[in-house]
Amino acid sequence: MSRLTFAATLLLAVSSSSVAQQASFSANDTGPVSDAIFETKDAAVATAGLVPLAQSQLPKGQREVRIWYSGFGNPQYLVIIRQNGTKISGRLMLWWDQYYESDPASADVRVDNFVRKGYDCGPISKRDSHFGEDRWVSSICEAKLKGTPDWKAFLSEVEAHALPQAGAVAPVEDQSGDENWGITVERRSGAIYGVSHYHTALTLAAPEPGRGPKLQDMVGDLAAAAKREPVVAQH
């Protein structure tokens, strides 16, 4: 079983119904990240019609931050914040991967149904994705948020925690798949690109002190603002 397939098995094995479950991770800043973290993330942005931030260029005076929050549950979250001068905007994307052996039509659709039922989001875009021996359908949609998020405060918190990595990314020898869990923050300002990853581990206690817990809470609150109101039975 490949590393990504093992990760997908874990995702399907754990309930995807709780944002609080994802917020119970401890966080530690691990500095440089490996390219393995972006295998499925790059597929997700391609499915959304975007370009990986590491490969993009922004005009002078503009910047973009992407916050990837991945835990043992689906959907995963991608927060995109853009700044052009004094104008700051943002959006939340919900994304997930559906692995298959030979035919993309056989990919599991339970998360599709869960997202449609539990979240208010736009059309779901899908793309057949391959990496090595792994085969999966990348799925993504844009959440429709209730209210108007304070994107400026969100960006300030990101800047307070993220550590830009201007140099080459150091390889990670551990290929167990756990490098896919946690918060990965990408930052692009003009031609300057940086990335930080906050390693997470499932715990029964409160999150450990360090970088990331407040970002986890902020992303969780944002995702909660996209959830559909429960339908109350009429008698």
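The structure presented is a predicted model; accordingly, all values stated were derived computationally and were not measured. FYI, the numbering just counts along the sequence from 1.
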Are the side chain of [X] and the backbone of [Y] linked by a donor-acceptor contact shorter than 3.5 Å?
X: Arg188; Y: Ser56; result: yes
X: Arg91; Y: Ile81; result: no
X: Gln83; Y: Gly85; result: yes
X: Arg187; Y: Val65; result: no
X: Asp150; Y: Ala153; result: yes
X: His197; Y: Ile183; result: yes

Could you tell me whether Asp108 and Arg110 have a side-chain N and a carboxylate O separated by less than 4.0 Å?
yes

May I ask you to say whether Glu64 pairs ionically with Arg82, meaning some side-chain N is under 4.0 Å from a carboxylate O?
yes

With respect to Trp96, which candidate in Asp112, Thr40, Asn74 satisfies the side-chain hydrogen bond (donor to acceptor under 3.5 Å, both in side chains) definition?
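When Asp112, Thr40, Asn74 are each tested with Trp96, the side-chain hydrogen bond (donor to acceptor under 3.5 Å, both in side chains) holds only for Asp112.
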
What about [X] and [Y], same hydrophobic cluster or not, with Ile/Leu/Val/Met/Phe/Trp/Tyr joined at side-chain heavy-atom distances under 4.5 Å?
X: Ile124; Y: Tyr77; value: yes
X: Val111; Y: Val137; value: no
X: Val158; Y: Leu145; value: yes
X: Leu58; Y: Ile80; value: no

About how many Å separate CD of Glu39 and OG of Ser129, when rounded to the nearest 0.5 Å?
11.5 Å

Ser139 OG to Trp95 CH2 distance, which is reported to the nearest 0.5 Å
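Answer for the OG-CH2 pair, Ser139 versus Trp95, is 11.0 Å.
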
Where do Thr47 and Ser138 come nearest, in terms of heavy atoms and distance?
OG1-OG, 3.2 Å

Closest heavy-atom pair, Ala143 versus Cys121, reported as atoms and distance to 0.1 Å, is CA-CB, 3.9 Å

Apply side-chain contact (heavy atoms from CB on, under 4.5 Å) to residues Trp136 and Gln98 and explain how you reach the verdict.
CA-CA 5 Å; Trp136 73 95; Gln98 299 149 306; 5.9 Å; no

Pick out which of Val195, Val185, Val79, Val45 makes a side-chain contact (heavy atoms from CB on, under 4.5 Å) with Trp68.
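Option passing the side-chain contact (heavy atoms from CB on, under 4.5 Å) with Trp68: Val45.
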
side-chain contact (heavy atoms from CB on, under 4.5 Å) between Tyr69 and Gln76, worked out
CA-CA 6 Å; Tyr69 183 15; Gln76 311 294 298; over 6 Å; no

Is it true that atom CD of Glu101 has more than 12 heavy atoms of other residues, nucleotides or ligands lying nearer than 6.0 Å?
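No, because the 6.0 Å sphere around CD of Glu101 holds 12 heavy atoms or fewer from other groups.
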
Heavy-atom count check: over 12 atoms from other residues, nucleotides or ligands less than 6.0 Å from Lys152 NZ?
no

